[in-house]
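Below is one structure, written out as structure tokens; the observations come after it.
Because the structure is predicted, anything quoted here is derived from the model rather than measured. When reading the values below, keep in mind they use all heavy atoms of this one structure, side chains included, and skip hydrogens, waters and symmetry mates. Per chain, numbering begins at 1; letters A, B, ... match sequence-line order.
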Number of protein chains: 2
Amino acid sequence: MRTHTHERTNRSSSPTAAPVDRGVYSISVTAELSGVGPQTLRLYERRGLLDPDRTGGGTRRYSRDDLERLRRITELVELGVNLTGVREILTLEDQQSALRAEIAQLSHSSPGPSGR
Amino acid sequence: MRTHTHERTNRSSSPTAAPVDRGVYSISVTAELSGVGPQTLRLYERRGLLDPDRTGGGTRRYSRDDLERLRRITELVELGVNLTGVREILTLEDQQSALRAEIAQLSHSSPGPSGR
DNA sequence: CGTGTAAGGAATTCTGACACG
DNA sequence: CGTGTAAGGAATTCTGACACG
């Protein structure tokens, strides 16, 4: 997981997870940036892989975070994983990063034997 | 037809992972116990989902652990995950149990705020 | 530009059959 | 009983097209 936030960042208030990552890209821009096609993006959403924001009018707004997630989806699909599998994997990976964060915090007080 | 073996007889010596779990079931017995069919078991192996022991003559020997893993595989396949996805998921789940074990050990010295 | 749904080609998963030890 | 491989039906994934706001 790489964070490429150069400028344009949120050094405003919260330093950790940024809920400031509002959706800004339309479906057509997202399709162009990702190479994934609008219909496919809608399909991913119906399958529970993505959940972009919506404007009051119902238009999808994809965030930077959504784009990163989409990159991972594309990776897995190219690997040959079907959409149901991708959904499970993303869930597991989300859990994993939570677990790793917990370990990092616990290690703060007592440095462990550096697993892995 | 699912067999709910609630026996859970593993009170031998080591309480955690038992490397004593030698392969004992032939492919036909494993097929019968799991309802998975011999050709499918071989396919799972080629796809990297299972890696049963082999006798000197090359005959597969499935362990209790393999059976448990197979149950999980069946679960995921029935859920609609394809075999490539199942492989990735099993890898992630193996990593997860390692991470959880690490957390459990770290928590021994300093009890955390009960995550999850 | 956005929304959604129904049709069809390409690829995948799995089984039953074959040949052999 | 075990080993392996090639053939074919069923289901899935994705795209281009349609109709509409």
*Across all strands shown, which nucleotide pairs with C:dG2 by Watson-Crick or G-U wobble geometry, both distances under 3.5 Å?*
D:dC20

*Assign each of B:Ile27 and B:Arg46 to its nearest nucleotide of DNA chain D by heavy atoms, then name whichever residue's nucleotide is nearer the 5' end.*
B:Ile27

*Hey, does B:Arg42 reach any base, or is it just sugar-phosphate, or nothing, if we go heavy atoms under 4.0 Å?*
base

_If I take atom CG in residue A:Leu76 and atom P in nucleotide D:dC14, what distance separates them, rounded to the nearest angstrom?_
12 Å

*Between D:dT13, C:dT13, D:dG4, spot the one nearest the side chain of B:Arg47, thanks.*
C:dT13

*Between C:dT12 (C1') and B:Arg87 (CZ): distance, integer Å*: 15 Å

*asked:* Looking at C:dG2, I'd like to know if its phosphate oxygens (OP1 or OP2) sit under 4.0 Å from a side-chain N or O belonging to A:Ser26.
replied: yes

_Gap between atoms CG and C1', on A:Leu41 and C:dG4 respectively (whole Å)_ = 15 Å

*Identify which one of B:Val29, B:Leu41, B:Val24 satisfies the side-chain contact (heavy atoms from CB on, under 4.5 Å) criterion when paired with B:Tyr62.*
B:Leu41

*A:Asn82 side chain near D:dT13 phosphate (N/O to OP1/OP2, under 4.0 Å)*: yes

*asked:* Let's test this: given Watson-Crick or G-U wobble pairing with both distances under 3.5 Å, identify the partner of C:dG8.
replied: D:dC14

*Considering only C:dG4, D:dT13, C:dG2, which nucleotide approaches the side chain of A:Thr59 most closely?*
C:dG2

*Can you check the B:Leu79 CG to D:dT12 C1' distance for me, whole Å?*
15 Å

_Can you identify which nucleotide, out of D:dC14, C:dC1, C:dG16, has its nearest atom closest to the A:Ser28 side chain?_
C:dC1

*Expressed in angstrom and rounded to an integer, what is the separation of B:Arg54 atom CZ from D:dG4 atom C1'?*
11 Å

*Answer yes or no: is there an ion pair linking A:Arg100 with A:Glu93, defined by an N-O contact shorter than 4.0 Å?*
no

*salt bridge (charged side-chain N to carboxylate O under 4.0 Å, His left out) between A:Glu75 and A:Arg72: does it pass, once the steps are laid out?*
CA-CA 5 Å; A:Glu75 223 172 86; A:Arg72 180 66 179 139; 2.8 Å; yes

*Tell me: CD of B:Gln39 to P of C:dC14, nearest whole Å?*
12 Å

*Atom pair distance, as rounded to whole Å: CG in A:Leu83 and C1' in D:dT12*: 9 Å

*Could you give the CG-to-P distance, from A:Leu43 to C:dT5, as a whole number of Å?*
12 Å

*Worked check of salt bridge (charged side-chain N to carboxylate O under 4.0 Å, His left out) between B:Arg71 and B:Glu68*: CA-CA 5 Å; B:Arg71 262 185 69 90; B:Glu68 221 175 289; over 6 Å; no

*In plain terms, say whether B:Arg69 and B:Asp94 are close enough for a salt bridge, that is, a side-chain N and a carboxylate O under 4.0 Å apart.*
yes

